[in-house]
Amino acid sequence: MKTKLLLSILLLTSLYQVKAQDNKDLMKPRPADYEYLSAPDSLGVKHIYNIANRNTLSIQNLPYPIIFIHGLNSNDKTWDAFKNSLINDFNLTFGGRISTCLDYDGSVYTSNTNFYNTSGADIALYSTVNSINIGDFYMVNFDINNSNQYYPSDFSNNFSTKSSNQSAIVKQGAALKYIIQMVLQKTGKNKVILMGHSMGGLASREYLQNITNWQNDGLPHVAKLATTGTPHGGSDAIGGQVLGVNYNSEAIRDLKKLSIYLEGGFESSVSSSYFNSDVNCNGISNDGLYVTGLNQRNIFSDIDYSCVIGNGLSILGVGGDGAVTISSANLNLANSGYSNLTQNIFSVFTTHDNLTSNWYTLMQALDEPNNFNVAYGIDYNKLYYGFNSEQSTNWSYYPTDYDDYKFTVSNNSNVSISINTLSTLNLYARIVNNNQAQVGSIYSNNGTSNISFTANNLIPGNYYLEIFGNPITNAICGYDFILNSALSTNNYDTNYSLNIFPNPTNSKVSFDNSKENFNQVLIYNYLGQEVSKINLNLLSSNQEVDLSNLSNGVYILKFSNGEMTKSVKVIKQ
């Protein structure tokens, strides 16, 4: 941290002077055209499902994909304005909508976290890995009923058919496990970024703070949590006062200030006015078990956090966004477990429903980490997008925006970096080793559009690429960068290509084995877990690796001959 302080002083001075087969899709079968069209609306019209082109491999330029989760009595459409901005203004790729029904059994009087096709299950996924595309961001939609009908809240008067997006937060967290798993498998990334609006922020926390929801390897695989207008401390300004919200629902039960869900207690204390009191969704109301509140649980500390607070209205004389007070929306104040969250808190003068379209503040909240311990992992020879944006005034080194990325050197190497940006934005870059000591010099674009430099003779270990600069007021300035490595000590011909020829039509990868004589290939899934080992025929130069027994997604093939290995990323779709 001392190095950042010194860099901030120097910068200010200069500127003012100038396992895959286990990841089964628990899915409710549906007609094929529902992958491309919505269910009929009240007039019987099916609408085009807005998703990236499935006929081509979409480009993904963010280090990790973002998953957006909507709030109470809402759906993925709440993000439409911001989605359009991400696509049109920031050149990001939309990977698709992931729909999940949370009241599939049709009864609001019982609750569970079972998945279809378990009898009486409350949760049913209506999307699969095959129905989304590789992209930079995805939208979750809980507003779907057990008849494959999208957005039933728009036209149904029967609450039992439109209760999914007003269901218990525990069920939302459970569903997120499989939604995250789906995105990880599709993109081949090992982490995601979660952004939740209103109750969607609590759904994200339910996933993170309940380890039973984590992925199969016992880790959450989340790089950042950003919340906007989330009632971390609860809210009493919701319910019968809001059109379409049923104040007897599970969601209202959980969202209230001092609720059992948030602050802990016994289900016997839950008011009988709600449809059920099964807060922990174990299928038994008033089971006599103490429910540990969300705000009483431990947090996963090795991720980046941010929160957005709306202050456009006043509730009982306390500033807020009309549904959530300032103190409740502040993750730091609402939960002592997040007391270290002091540097990424943003306030904006707007109302609750408008928070999801306030693109500028949302981009601030989604900014890359400015601390090495939560830096985003990056790979070689991959073009990435990053953003320089105004920081929160309580950031220790305000106004400088530090964006930290982590990479690994496996062999003694020279690593070259190329960064492209607007010539009007003064950016700086440097390499830092795992002991947070600077390697080489600090480089600047000096008013041009490019920074290019090489870090020579890096020994094996973890390193950080730090890109930093003072943001332009009221602007989000994008930059792109690429990391390249040239081995400086290698006894093998690094100019030789393995000549991989993926053939997605028959799920086989053809390759030329005439030079290295590889005798084995190990196949790893998106979590880095070995899923298959294949012994190769040394007598054949043209060989194939059969992937037909693996589900669609991204895999790493590591070819070995006992002396050297070559790794290749393959997309099966």
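Remember, predicted model here, so these are calculated numbers, not experimental data. What's counted below: heavy atoms across the whole structure, side chains too, no hydrogens, waters or symmetry copies.
- Remark: the backbone N or O of Ile69 is not paired with any side-chain donor or acceptor of His197 at under 3.5 angstrom.
- Using a 3.5 Å distance cut-off with no hydrogens or angles, the side chains of Thr212 and Asn210 do pair a donor with an acceptor.
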Does the pair Asn61 and Asp480 meet the rule for a side chain to side chain contact (heavy atoms under 4.5 Å, CB included), with working shown? CA-CA 9 Å; Asn61 291 113; Asp480 61 64; over 6 Å; no

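- Rounding to the nearest 0.5 Å gives a distance of 5.0 Å between SG of Cys477 and CG of Leu425.
- Remark: Leu255 CG to Ser235 OG distance equals 7.5 Å, nearest 0.5 Å.
- Between Asp80 and Lys83, at least one side-chain nitrogen of the basic residue sits less than 4.0 Å from a carboxylate oxygen of the acidic one, meeting the salt-bridge criterion.
- With rounding to the nearest 0.5 Å, the separation of CD in Gln181 from NE2 in His221 is 10.0 Å.
- Remark: side-chain polar atoms of Asp321 are not paired, donor with acceptor, to backbone N or O of Gly312 under 3.5 angstrom.
- Side-chain atoms of Ser306 come within 3.5 Å of backbone N or O of Ala365 as a donor-acceptor pair.
- Side-chain atoms of Thr356 and Thr78 include a donor-acceptor pair closer than 3.5 Å.
- When each of Thr408, Asn435, Asn433 is checked for a side-chain hydrogen bond (donor to acceptor under 3.5 Å, both in side chains) with Asn462, only Thr408 meets the rule.
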Could you go step by step and tell me if Ile459 and Val409 meet the side chain to side chain contact (heavy atoms under 4.5 Å, CB included) rule? CA-CA 7 Å; Ile459 64 175; Val409 172; over 6 Å; no

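- Judged purely by atom type and a 3.5 angstrom limit, Asn344 uses its side chain to pair as donor or acceptor with the backbone of Tyr305.
- His232 pairs in a side-chain hydrogen bond (donor to acceptor under 3.5 Å, both in side chains) with only one of the listed residues (Asn295, Asn330, Thr227, Asn332), which is Thr227.
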Which is it for Tyr360 and Glu390 under the side chain to side chain donor-acceptor pair (under 3.5 Å) test, yes or no, and what are the steps along the way? CA-CA 10 Å; Tyr360 183 75; Glu390 289 187 276; 2.3 Å; yes

Side chain to side chain contact (heavy atoms under 4.5 Å, CB included) between Met363 and Ser389, worked out: CA-CA 8 Å; Met363 288 299 292; Ser389 61; 5.8 Å; no

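- Remark: the backbone N or O of Phe346 is not paired with any side-chain donor or acceptor of Ser392 at under 3.5 angstrom.
- In the model, Thr448 has no side-chain atom that pairs as donor or acceptor with a side-chain atom of Asn446 under 3.5 Å.
- The cationic atom of Lys382 (NZ for Lys, CZ for Arg) does not lie both less than 6.0 Å from the six-membered ring centre of Tyr380 and within 45° of the ring axis.
- Among all heavy-atom pairs drawn from Pro231 and Val324, the shortest one is CA-CG1, 3.7 Å.
- Within 6.0 Å of atom CG in Leu219, more than 12 heavy atoms from other residues, nucleotides or ligands are found, so the atom counts as buried in its surroundings.
- Here Leu522 contributes atom CG and Lys558 contributes atom NZ; the two are 8.0 Å apart, rounded to the nearest 0.5 Å.
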Do Tyr178 and Phe115 pass the ring pair (Phe, Tyr, Trp, His ring centres under 6.0 Å) test, and can you show the C-alpha distance, the side-chain angles, and the key distance before you say yes or no? CA-CA 10 Å; Tyr178 295 96; Phe115 280 75; 4.5 Å; yes

Assess whether side chain to side chain donor-acceptor pair (under 3.5 Å) is satisfied between Asn298 and Gln209, documenting all intermediate values. CA-CA 6 Å; Asn298 295 327; Gln209 294 178 246; over 6 Å; no

Audit row: Asn141, Asn75, side chain to side chain donor-acceptor pair (under 3.5 Å) steps and yes/no: CA-CA 5 Å; Asn141 176 45; Asn75 49 56; 5.1 Å; no

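- In this structure, the side chains of Ile417 and Ile431 come closer than 4.5 Å at one or more pairs of heavy atoms.
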Leu62 vs Tyr384, test: side chain to side chain contact (heavy atoms under 4.5 Å, CB included). Steps then yes/no. CA-CA 6 Å; Leu62 294 181; Tyr384 290 102; over 6 Å; no

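- Looking only at side-chain heavy atoms (C-beta outward), Asn450 and Ser418 come within less than 4.5 Å of each other.
- Between atom CG of residue Asn426 and atom OG of residue Ser444 there is a gap of 6.0 Å, rounded to the nearest 0.5 Å.
- At distances below 3.5 Å, at least one donor-acceptor pair connects side-chain atoms of Thr187 with backbone N or O atoms of Lys189.
- For the residue pair Gly478 and Phe387, the shortest heavy atom distance occurs at CA-CD2, 3.8 Å.
- In terms of heavy atoms, Ser328 sits closest to Gly234 at OG-O, 2.8 Å.
- Looking only at distances, no side-chain donor or acceptor of Lys406 sits under 3.5 Å from a matching main-chain atom of Tyr464.
- A heavy-atom distance below 4.5 Å is found between the side chains of Thr228 and Leu362.
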Set out, in order, the CA-CA distance, both residues' side-chain angles and the distance that settles side chain to side chain donor-acceptor pair (under 3.5 Å) for Asn354 and Thr351, then state yes or no. CA-CA 5 Å; Asn354 290 324; Thr351 56; 2.9 Å; yes

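- Contact of the Phe481 side chain with the Leu483 side chain is not registered, since no non-hydrogen atoms from C-beta on lie closer than 4.5 Å.
- Annotation: side chain of Met182 is in contact with side chain of Ile98 (closest heavy-atom distance under 4.5 Å).
- Side-chain atoms of Asn165 come within 3.5 Å of backbone N or O of Ser74 as a donor-acceptor pair.
- If you take CG on Leu225 and OG on Ser204, they are separated by 5.5 Å, rounding to the nearest 0.5 Å.
- Listed here is the closest heavy atom pair of Thr230 and Ser198: OG1-O, 2.9 Å.
- Smallest separation of non-hydrogen atoms from Ile419 and Ala429: CD1-CB, 3.6 Å.
- Using a 4.5 Å cut-off on side-chain heavy atoms (C-beta onward), Leu458 and Tyr463 make contact.
- Classified by interplanar angle (parallel below 30°, tilted 30° to 60°, perpendicular above 60°), the ring pair Tyr428/Phe468 is parallel.
- The backbone N or O of Val222 sits nowhere less than 3.5 Å from a side-chain atom of Tyr64 that would complete a donor-acceptor pair.
- Counting heavy atoms from C-beta on, the side chains of Val192 and Ile66 never come closer than 4.5 Å.
- Glu206 and Tyr261 share a donor-acceptor pair across their side chains, judged by distance under 3.5 Å alone.
- Closest of all the heavy-atom pairs between Asn388 and Leu427 is ND2-CD2, 3.9 Å.
- Side chain of Asp401 to backbone of Gln391: no donor-acceptor contact under 3.5 angstrom is found.
- Contacts of Tyr405 classified as side-chain hydrogen bond (donor to acceptor under 3.5 Å, both in side chains), with partners at least two apart in sequence or in another chain: Tyr479.
- Partner of Phe82 under the ring pair (Phe, Tyr, Trp, His ring centres under 6.0 Å) criterion, out of Phe90, Trp359, Phe68: Phe68 alone.
- Counting heavy atoms from C-beta outward, Asn216 and Lys177 have side chains that approach closer than 4.5 Å.
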